[in-house]
Protein chains: 2
Amino acid sequence: MGKEKRRTTQQDIARMTGVSQATVSMVLNNRDDGEIRIPQETRDRVLAAIQSTGYVANPIARSLISQDNRIFGVFTYESVFPSEDLDFYHPFLAGIERRAEQLGYDLVLFTSSPVVDGGRKIFHAGSRLRLADGCVVLGRRVDRAELARLVAEGFPFVSVGRRDDVAAGPVAAVGADYVSAVAELVRRTGGLGHRTVAFVGEGAGPESSADRWAGFAAGVADAGVRSVRLRAKGRDAGEVLDSLVEHGATAMFVEDPDDTAALVEECGRRGVRIPEDVSLVELGGSPPRTARATPDFTGFRIPREEMGAQAVDLLARILGGDRGPRTRLLPCRIVAGATLAAPRSTP
Amino acid sequence: MGKEKRRTTQQDIARMTGVSQATVSMVLNNRDDGEIRIPQETRDRVLAAIQSTGYVANPIARSLISQDNRIFGVFTYESVFPSEDLDFYHPFLAGIERRAEQLGYDLVLFTSSPVVDGGRKIFHAGSRLRLADGCVVLGRRVDRAELARLVAEGFPFVSVGRRDDVAAGPVAAVGADYVSAVAELVRRTGGLGHRTVAFVGEGAGPESSADRWAGFAAGVADAGVRSVRLRAKGRDAGEVLDSLVEHGATAMFVEDPDDTAALVEECGRRGVRIPEDVSLVELGGSPPRTARATPDFTGFRIPREEMGAQAVDLLARILGGDRGPRTRLLPCRIVAGATLAAPRSTP
DNA sequence: CTTCTTAGATAATAGCTATTATCAGTCGAC
DNA sequence: GTCGACTGATAATAGCTATTATCTAAGAAG
């Protein structure tokens, strides 16, 4: 039992100086309002004692009073640091950290949350969520029910990525504007002379997938081209390529990076050159994960770091009582790349 | 002003149920000791109210009483997430996170600490260090004075990497055993027939550098070979190689990865083959940072993740009052690699 | 009927800080 | 000498939970 010597408290300082605890508190906080009057001599005496003891106010007691903690929580459904997930989380966290630093908030990672079938749970007996003034929720898989409960309990939070409405109302969220990005890419493709373009993927289900499809559809309408949707799930790249040819499509927009890799490989096997014979637009939104040589894909970049920063920003505003819009949609950067070119036979 | 509706408190639950706040607290904590008696009927009533409101005890008030917070601080002298520093911090953090998760601690990152000429400061007016029960200190540049103050104030902390003594006594720390690793590499080199080996670098200054030199010296003694130390600071790779040849050394142990890269390049220019003409042992301790093709260097790996985990572990023990050893030195893994081989002309 | 025991609960308090209300002087003015 | 105004401080309290000491009523034992 270490029997740690009790921390110094304001009471201690007060006794040392022969003043009251209240006085110490006021000196500490530089209170000098109309009502509060402390002569410099007393101030100096107290400050000297503070200096000599190295006293620092107990932030926990402060929080209990002020009802805020200057801490933002970062809740992730998976561990943050393991390598597999790092590529995903890292840019968000970089932005979160940067802005928290600017705003003077500390960050708490809720690593103590119990893991229930593969994902952490926000709510559980002894949840320490309230340590934070507010929370940024982050993750590939975000639990709608938990978000709904956050809303119901009035706990301030901002979701990064997921922005669909939950039962109790719209969720404060920062998202990426997939729709515009994909639409723009389709328009460029049409502008290069392609007359039929293919969407490879589901285009439904997760919000982000539905958005990509929506953007694709919008771009197709704008560009006045024909379009076809090719399912990739459960089919190998060969089948997909066959369908592509069959439909006469000259450009493919691929949702899933895994499919992209498979298609590139299959093209290589068949001697189909990209972009000379077929164009490929990659809709993953991330830089390539592997260091292996991959084509310089045409596509877009999700502004992950900026999303993290804006999430913190938004959270701070909400805590400040700001009643402005609670959803921010950030533009994605278009990557010109080298896998999109004019089709071989322009009509 | 949001006029956030006040959080539910035990007092609220008490009023709803017609019991006292104390009873609510006891039900909540499942108190059932000899002195505490609460019939099941009452218990159920209270629990029902807790369920319906979703009440969770305010962790801040709890902390104020229990004098602990179930939070470990992670103090870094630089931002954690920016890409430049990520390679360095990430493995440590992965280990810290993993073990904190296992032990049920949350982690707080002191992002609010003010930055003074390039590095964050632990101590400052309004330091929120005490939010944490203890702290892991991490960083390339660790401030001795601040560590000393942590010791003086009796704040529990564990330093990762830096383990030298500070004024007030030995610092709890987790380090990597560079000495053994480098010594072993030198012995292997001697075992392959090398008679003269060179240490390229300072071998002094930062603890880790001094350790590498100590290990080199120990290995040289064990292996019974001759050794030479070549400064690299301010000299270009050509000069260093010239010295090497001049001294008749057939293997070089290079401290700094930048020097390694320069030497490899210079060897390439001169047509000196590695390891056929000269062996190279890389003492950086990290996997290569760039994705560019680099030789598969012989060297060792600092067990960064394990260091992070053990730091948390040690911190938990210290908080538990454990009086055991406060310094842990973890073995490095030797990487056989492909840049060490027998010298061309074995005597 | 009195006293003791016990079950079942509550009042009071600690933990530390910030704020509000209050108090003891002093000085001036009348 | 009294009243008011002002200075320089302090006592008390809120904030929320966990624990300790205390209290009431009922039943048992004598």
Side-chain angles (χ1 to χ4, degrees), chain A residues 4-46 49-50 53 55-70 125-131 133, chain B residues 4-46 49-50 53 55-70 125-131 133:
Chain A
E4 302 289 346
K5 69 173 195 294
R6 206 175 43 79
R7 288 196 53 186
T8 316
T9 130
Q10 289 188 356
Q11 197 56 255
D12 298 331
I13 305 281
R15 268 190 293 266
M16 291 170 57
T17 330
V19 299
S20 70
Q21 173 266 320
T23 305
V24 176
S25 171
M26 289 161 168
V27 170
L28 211 56
N29 295 2
N30 267 316
R31 293 292 305 277
D32 199 8
D33 318 313
E35 286 303 277
I36 312 291
R37 299 162 300 244
I38 300 171
Q40 196 56 43
E41 190 273 329
T42 307
R43 247 175 235 280
D44 291 342
R45 213 150 30 100
V46 173
I50 289 173
T53 55
Y55 169 82
V56 179
N58 182 343
I60 294 175
R62 294 185 91 140
S63 298
L64 188 56
I65 295 177
S66 66
Q67 303 280 54
D68 76 351
N69 214 352
R70 305 285 307 165
S127 162
R128 302 161 47 75
L129 185 63
R130 302 274 174 178
L131 284 172
D133 299 342
Chain B
E4 301 288 347
K5 71 173 193 293
R6 204 175 45 78
R7 289 196 52 187
T8 317
T9 133
Q10 288 189 357
Q11 197 57 255
D12 298 333
I13 305 282
R15 268 190 291 267
M16 291 171 58
T17 331
V19 298
S20 69
Q21 173 265 321
T23 303
V24 175
S25 170
M26 288 161 169
V27 169
L28 211 57
N29 296 1
N30 267 314
R31 294 293 305 276
D32 200 7
D33 318 311
E35 286 304 276
I36 312 291
R37 299 162 299 240
I38 300 171
Q40 196 57 43
E41 190 273 331
T42 308
R43 245 174 235 280
D44 291 342
R45 213 151 28 100
V46 173
I50 290 174
T53 55
Y55 169 82
V56 180
N58 182 341
I60 293 175
R62 293 184 90 139
S63 298
L64 189 56
I65 294 177
S66 66
Q67 304 280 53
D68 75 351
N69 216 350
R70 304 282 315 163
S127 162
R128 301 161 47 76
L129 186 63
R130 301 277 174 176
L131 285 171
D133 299 342

Rounding to a whole Å, what distance do you find between [X]:[atom1] and [N]:[atom2]?
| X | N | atom1 | atom2 | answer |
| --- | --- | --- | --- | --- |
| B:Ile38 | D:dA18 | CD1 | C1' | 12 Å |
| B:Ile60 | C:dA18 | CD1 | P | 14 Å |
| A:Asn30 | C:dA18 | CG | P | 12 Å |
| A:Ile13 | D:dA9 | CD1 | P | 17 Å |
| A:Asp32 | D:dA9 | CG | C1' | 14 Å |
| B:Gln40 | C:dA9 | CD | C1' | 16 Å |

Would you find a donor on one side and an acceptor on the other, under 3.5 Å apart, between the side chain of [X] and the backbone of [Y]?
| X | Y | value |
| --- | --- | --- |
| B:Thr42 | B:Ile38 | no |
| B:Thr23 | B:Val19 | no |
| A:Arg15 | A:Gln10 | no |

Which is true for A:Val24 with a 4.0 Å heavy-atom rule: it touches a base, it touches only sugar-phosphate, or it touches nothing?
nothing

May I ask you to verify if any side-chain N or O of A:Thr42 is less than 4.0 angstrom from the OP1 or OP2 atom of D:dG8?
no

Can you list the residues that meet the side-chain contact (heavy atoms from CB on, under 4.5 Å) rule with [X], with sequence neighbours excluded?
| X | result |
| --- | --- |
| B:Asp32 | B:Arg43 |
| A:Asp44 | A:Gln40 |
| A:Arg130 | A:Glu153, A:Phe155, B:Arg7, B:Pro59 |

Find out whether [X] and [Y] are in side-chain contact, i.e. whether some heavy atom of one side chain is under 4.5 Å from a heavy atom of the other.
| X | Y | value |
| --- | --- | --- |
| A:Val24 | A:Gln21 | no |
| B:Asp12 | B:Thr9 | yes |
| A:Leu129 | B:Val56 | no |

Begin with the C-alpha distance, continue with both residues' side-chain angles, and end with the deciding distance and a verdict on side-chain contact (heavy atoms from CB on, under 4.5 Å) for A:Leu131 and B:Ile60.
CA-CA 6 Å; A:Leu131 284 172; B:Ile60 293 175; 4.3 Å; yes

Five pairs at each end of the helix from C:dC1-D:dG30 to C:dC30-D:dG1: take the axis at both ends and give me the angle between them to 10°.
90°

Under 3.5 Å, which protein N or O atoms sit close to an N or O of nucleotides 13-17 of chain C? Give each pair with its distance.
| residue | atom | partner | partner atom | Å |
| --- | --- | --- | --- | --- |
| C:dC16 | OP1 | B:Gln67 | NE2 | 3.3 |
| C:dT17 | OP1 | A:Tyr55 | OH | 2.2 |
| C:dT17 | OP1 | A:Asn58 | N | 3.3 |
| C:dT17 | OP2 | A:Thr9 | OG1 | 3.2 |
| C:dT17 | OP2 | A:Gln10 | N | 2.8 |

Return a single string for nucleotides 20-29 of chain D, one symbol per nucleotide in 5' to 3' order, where B is base contact, S is sugar-phosphate-only contact and - is none, cutoff 4.0 angstrom on heavy atoms.
B---------

Which of these passes side chain to side chain donor-acceptor pair (under 3.5 Å) with B:Ser63: B:Asn69, B:Asn58, B:Asp68?
B:Asn69

